[in-house]
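In what follows, chains are A, B, ... by sequence order, proteins preceding strands, each numbered from 1.
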Amino acid sequence: MSGRPPFYITTPIYYVNDVPHIGHAYTTIACDVMARFKRLDGFDVKFLTGTDEHGQKVEKSAKAAGIDPQAFTDKVSQNFRDLTGLLNISNDDFIRTTEPRHVTSVQALWRTLVENGEIYLGSYAGWYSVRDEAYYGEDELRTDDQGRKFAPTGAECEWVEELSYFFRLSAWTDRLLAFYEANPSFILPPGKRNEVMSFVKGGLKDLSVSRTTFDWGIPVPGDEKHIMYVWLDALTNYITAIGYPETGEGTPYAQYWPGAMHMVGKDILRFHTVYWPAFLMAAGLQPPTRVFAHGWWTVEGEKMSKSLGNVVAPAELLEKYGLDQTRYFLMREIPFGNDGDFSRRAMVTRINSELANGYGNLAQRFLSIIQKNCGAVVPTPGPFTEADNALLDAARGLLATLRAELDVQAFHKALDALWVVVGDANRYIDEQAPWALKKTDPARMATVLYVLAEAVRRVAILTQPFMPGAMAKVLDLLAVPEDARDFAHLDQALVPGTPLPPPQGVFPRHVEEAEGAA
RNA sequence: GGCAGCGUAGCUCAGUGGUAGAGCAGGGGAAUCAUAAUCCCUUGGUCGGGGGUUCAAAUCCCUCCGCUGCUACCA
């Protein structure tokens, strides 16, 4: 227990049947930036990611691979665990829906819902596509000359009737709308909130929450022929990880819930903003605080797809462009929440123009003057001029700006604000021209270099959430102690006389190698 | 079809009533500490078309064209 305010952030649990791609990396990196920012800002952070491992598709894939589902998921889940290492993700936990703690949690939630009269046994009938794992409405289907029915996806459908448990979602329409009204920033960005609200306003039907057509899932307590609906299973991971069903005082649940923020792709927005709050409220629990739906990346202007063969593997990017560069690009290139395009050209432009030329070169130029002319120690400043204070004030103002931007997940704006100060610093060094002061006024030169070092120290501390590796290097170059790199130490200025190591490039320029038209 | 949104400089976008903006790209210049990086100046738009309200519209209203999202159990 600590007095620090709690902050709980989650990625979706990734479906193990997928191969990790840039989209997974994007979601996870965004969460990592939030988590690191909040930690540096003094919050007690819990950051969760993991894998979703149940369902008919997994069962089939396992069968196709000739192994049992558990062995199969053990194997593929590791792909996502590896991804967190690759991306330097600071998650505190990695949950798998096949873990005992999760089975316990989901079954407890189920029992509570049953006790509360929110679940009843009914029967579900409709046109079902095995391939799509989905039911379709009569009006959606196409009938061929032999009377066979086909889904819009082209998959053949069959009439299926099965016993199923239902969740009384219809009863929650008004209470959900009231919840959205009372919590305007529950769903971000605002456009998505409107979509969800208009969907709910259209009225909700009860939701089938169990299946009997396959086995790979969590059994319904007391009626084990039934497997729980995948979303009831999957969504519950967010409270499993904080110890549900233990919710009493002093538990992680009591500490972190309901102050949770779920980061999701726009495709799974409804499950998180309609079903999930309804499940929770029906169980007498509170909905989370924030669900943010981000957009999708295209690649060189085209939709990413297996058939096009243009799926971008995270490892490939990291190898080619570097980890922090990739993290920076993904957070900077498009307004968070919008769709955007990933292009090699844009990537290289940002790396060279903003990282290498803008930031890296700035550090290199004043650090090398210090190295050569100030005895390789933090210079001793004299009185500050108006120009000095202007730059320092700009750097001092960043914390408030970043807090406000990250409060609504505006990562691109946060980076933009940081780079405004980088630009200020580049103008400042040109205007002050310390290389000229070297001969005319060494004391003034020392002041200018000190001001630059201080400004860059602040910028570097605040940029850590986005590029932890590179910023650690910058802070090393400024000899900032490792325990003085959180936001509480922003006002702890550099100490004149502190020895500085020889400067090293932090962001190398990216030079395209000659290569084929790949 | 219904609901919502978008269409502003070559590209990506900001700007929601008061003489059109940023970054990148293009052109010219300065400087030389630095990763041939930086800084300054600059070319460029009848703000999708048309109509209306207003002293004044990219900004409000109507209409047309084009594009996008959502429209339930498709990870």
Report task. Would you please indicate yes or no on a ring centroid separation below 6.0 angstrom for A/Phe271 and A/Trp231? Result -> yes
Requested in this report: Have a look at A/Asp18 and say if it touches a base, only the backbone sugar-phosphate, or nothing, with a 4.0 Å heavy-atom cut-off.
Outcome: sugar-phosphate
Report task. Could you tell me whether A/Arg290 and A/Asp407 have a side-chain N and a carboxylate O separated by less than 4.0 Å? Result -> no
Query raised in the report: Nearest-Å distance, CD1 (A/Ile351) to P (B/G23)?
Result: 21 Å
Requested in this report: Could you measure between the two C1' atoms, the one in B/G51 and the one in B/A14, and give it in whole Å?
Outcome: 28 Å
Query - Between A/Thr212 and A/His226: side-chain donor-acceptor atoms closer than 3.5 Å - result: no
Query raised in the report: Atom CG of A/Leu204 and atom P of B/C70: how far apart are they, to the nearest Å?
Result: 18 Å
Query raised in the report: Does A/Lys57 make a side-chain N or O approach to OP1 or OP2 of B/A75 shorter than 4.0 Å?
Result: yes
Query raised in the report: Whole-Å distance between B/A75 P and A/Asp52 CG?
Result: 10 Å
Requested in this report: Could you check how far OH of A/Tyr26 sits from C1' of B/A75, rounded to whole Å?
Outcome: 18 Å
Report summary line: With both pairing distances under 3.5 angstrom for Watson-Crick or G-U wobble, and | for a partner in another strand, the correct string for RNA chain B is ((((((((.[[[[.)..(..]]]].(((((.......))))).....[[[[[..)....]]]]])))))))....
Requested in this report: Specify the separation, in whole Å, of atom CZ of A/Phe279 and atom P of B/C73.
Outcome: 14 Å
Requested in this report: Using a heavy-atom cut-off of under 4.0 Å over every strand shown, decide if A/Gly23 touches base, sugar-phosphate, or nothing.
Outcome: nothing
Query raised in the report: Can you give one letter per nucleotide of nucleotides 25-40 of chain B, 5' to 3': B if a protein heavy atom sits under 4.0 Å from the base, S if only from the sugar-phosphate, - if neither?
Result: -------SBBB-SBSS
Query raised in the report: Just checking, any donor-acceptor pair under 3.5 angstrom between side chains of A/Thr240 and A/His102?
Result: yes
**Report entry** Carboxylate-amine/guanidinium contact A/Arg96 A/Glu53, below 4.0 Å
**Finding:** yes
Report task. Decide whether a cation-pi geometry holds between A/Arg193 and A/Phe186; the criteria are a distance under 6.0 Å from NZ or CZ to the six-membered ring centre and an angle within 45° of the ring axis. Result -> no
Query raised in the report: Taking atom P in both B/G18 and B/C60, what distance in whole Å separates the two?
Result: 11 Å
Report task. Nearest whole angstrom, please: distance from the C1' of B/C13 to the CD1 of A/Ile334. Result -> 13 Å
Query raised in the report: Rounding to a whole Å, what distance do you find between A/Asn338:CG and B/C6:P?
Result: 12 Å
Query raised in the report: Quick one: which of B/C73, B/C70, B/A75 gets closest to the side chain of A/Tyr15?
Result: B/A75
Query raised in the report: Starting at OH of A/Tyr238 and ending at C1' of B/A75, how long is that distance when rounded to a whole Å?
Result: 11 Å
Query raised in the report: If we take the C1' atom in both B/A22 and B/G15, what is their distance in whole Å?
Result: 10 Å
